[in-house]
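All heavy atoms count here, side chains included; hydrogens, waters and symmetry mates do not.
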Amino acid sequence: MTDAASPWLIVGLGNPGPEYAGNRHNVGFMVADLLAERMGGRFKAHKARAQVVEGRIGPPGPSNRRVVVAKPSSFMNLSGGPTTALRDFFKVPVANIIAVHDELDIDYGMLRLKLGGGDNGHNGLKSITKSLGAEYHRVRFGIGRPPGRMPVADFVLKDFSSAERKELAYFVDRAADAVEALVLEGLERAQTTYNS
């Protein structure tokens, strides 16, 4: 059960540094950037080894929610440390944490929202689950499977293809909408709208 008075922590997963910025593995950062832009905020360095924006989402009034959008400054496979430190600093219940991440087992651009579950080999989720347990929300952004025999590690650390980039802004926008719906309307309603 989520706590209406507590803030939400939205963690976009990715790797820091300009050389990773366009990678499939960094789509969580792309969604976090858009959410920050929508809130009119700028990322600032936080002692929890993350870039953070604080703000509110939703219409003005009692129904809007306080949120902290974060991009860990650690590499993907160490995301659990910054996420746990942010949880403690902002006093966020685990049920109010959302990890936004790339997902190989879903077609490109499709979304799946869920609470809990396994990490499906995703090193960012593996690290967060090890630190927090599995009962946090996930917004899974489909990137599809690598073509032919390309190793998964090579595929996720490559930039989106030129064909994919034509639709990327639309899909990132939709993922940001899904995060906002999850915070404001709850998981079931958000799933009904966005799980494709």
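- In this structure a side-chain-to-backbone donor-acceptor pair under 3.5 Å is missing from S79 to G124.
- Not counting sequence neighbours, F155 has no partner by the ring-ring contact (aromatic ring centres under 6.0 Å, His included) test.
- Residue I128 comes nearest to A99 through the heavy atom pair CD1-CB, 4.3 Å, listed as atom of the first residue, atom of the second, then distance.
- In this structure, P7 and V92 approach most closely via the heavy-atom pair O-CG1, 3.5 Å.
- A donor-acceptor pair under 3.5 Å is absent between the side-chain atoms of N96 and the main chain of W8, judged by distance alone.
- Of all non-hydrogen atoms in R66 and R56, the two that sit nearest each other are CB-NH1, 3.8 Å.
- For R138, the salt bridge (Lys or Arg N to Asp or Glu O under 4.0 Å) criterion is met by no residue, not counting sequence neighbours.
- Here R140 contributes atom CZ and L111 contributes atom CG; the two are 10.5 Å apart, rounded to the nearest 0.5 Å.
- Contact annotation: the side chain of V179 never approaches that of D177 to less than 4.5 Å [non-hydrogen atoms, C-beta and beyond].
- Using a 4.5 Å cut-off on side-chain heavy atoms (C-beta onward), Q51 and S73 make contact.
- Residues D105 and N120 have side chains in contact (heavy-atom distance under 4.5 Å, counting atoms from C-beta outward).
- Between the OG atom of S161 and the CG atom of L168 there is a distance of 9.5 Å, given to the nearest 0.5 Å.
- E37 places no side-chain N or O within 3.5 Å of a backbone atom of L34 that could act as its donor or acceptor partner.
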- request: Begin with the C-alpha distance, continue with both residues' side-chain angles, and end with the deciding distance and a verdict on salt bridge (Lys or Arg N to Asp or Glu O under 4.0 Å) for K44 and E54.
  value: CA-CA 9 Å; K44 294 183 177 65; E54 293 179 70; over 6 Å; no
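- Y136 and T129 share a donor-acceptor pair across their side chains, judged by distance under 3.5 Å alone.
- Note: the hydrophobic cluster containing M39 also contains V31 (ILVMFWY, side chain heavy atoms under 4.5 Å, direct or indirect links).
- Membership of an apolar cluster is not assigned to F29, as no side-chain contact below 4.5 Å to another ILVMFWY residue is traced.
- Although no hydrogens or angles enter the test, the distance criterion places no donor-acceptor pair under 3.5 Å between the side chain of N23 and the main chain of H25.
- Cluster annotation: V27 is not connected to I106 through the hydrophobic network of ILVMFWY side chains, with a link wherever side-chain heavy atoms come within less than 4.5 Å.
- Both V94 and L13 are members of a single hydrophobic cluster when ILVMFWY side chains are connected at heavy-atom separations under 4.5 Å.
- Hydrophobic clustering, with ILVMFWY side chains joined whenever heavy atoms are under 4.5 angstrom apart, keeps I97 apart from V100.
- In terms of heavy-atom proximity, N26 sits nearest to A21 at CB-O, 3.9 Å.
- Going from atom NZ of K130 over to atom CG of L125 covers 14.5 Å, rounded to the nearest 0.5 Å.
- Taking hydrophobic clusters as Ile, Leu, Val, Met, Phe, Trp and Tyr residues chained together by side-chain heavy-atom distances below 4.5 Å, V69 shares a cluster with M30.
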query: Given K126 and N77, is the side-chain contact (heavy atoms from CB on, under 4.5 Å) satisfied, shown in steps?
result: CA-CA 8 Å; K126 206 174 282 182; N77 58 347; over 6 Å; no
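- Residues L9 and I98 are not in side-chain contact: their nearest non-hydrogen atoms beyond the backbone lie 4.5 Å or more apart.
- With values rounded to the nearest 0.5 angstrom, L104 atom CG is found 5.0 Å from R145 atom CZ.
- Within the 3.5 Å criterion, the main-chain N or O of M76 finds a donor-acceptor partner in the side chain of N15.
- In terms of the salt bridge (Lys or Arg N to Asp or Glu O under 4.0 Å) criterion, residue partners of D173 (sequence neighbours excluded) are, by chain and number, R38.
- In this structure, Y194 has no ring-ring contact (aromatic ring centres under 6.0 Å, His included) partners at least two apart in sequence or on a different chain.
- Ring geometry, Y108 versus F160: the interplanar angle falls from 30° to 60°, so the pair is classed tilted.
- The environment of R189 atom CZ is sparse: at most 12 non-hydrogen atoms of other residues, nucleotides or ligands sit within 6.0 angstrom.
- Taken to the nearest 0.5 Å, the OG1 atom of T193 stands 11.0 Å off from the CG atom of L182.
- L115 places a side-chain heavy atom less than 4.5 Å from the side chain of E135.
- A distance of 4.0 Å separates OG1 in T84 from CG in L132, rounded to the nearest 0.5 Å.
- Between the side chain of D102 and the main chain of F141, no donor-acceptor pair closer than 3.5 Å is present.
- For F90, the ring-ring contact (aromatic ring centres under 6.0 Å, His included) criterion is met by H46, not counting sequence neighbours.
- The minimum heavy-atom distance between R49 and G81, with the atom names listed, is NH2-CA, 3.9 Å.
- In this structure, G12 and A32 approach most closely via the heavy-atom pair CA-CB, 4.3 Å.
- A donor-acceptor contact closer than 3.5 angstrom is absent between the side chains of N195 and R112.
- Under a cutoff of 6.0 Å and an axis angle of 45°, K71 and F43 form a cation-pi pair.
- By the 30° and 60° cut-offs, the orientation of the rings of H101 relative to H122 is perpendicular.
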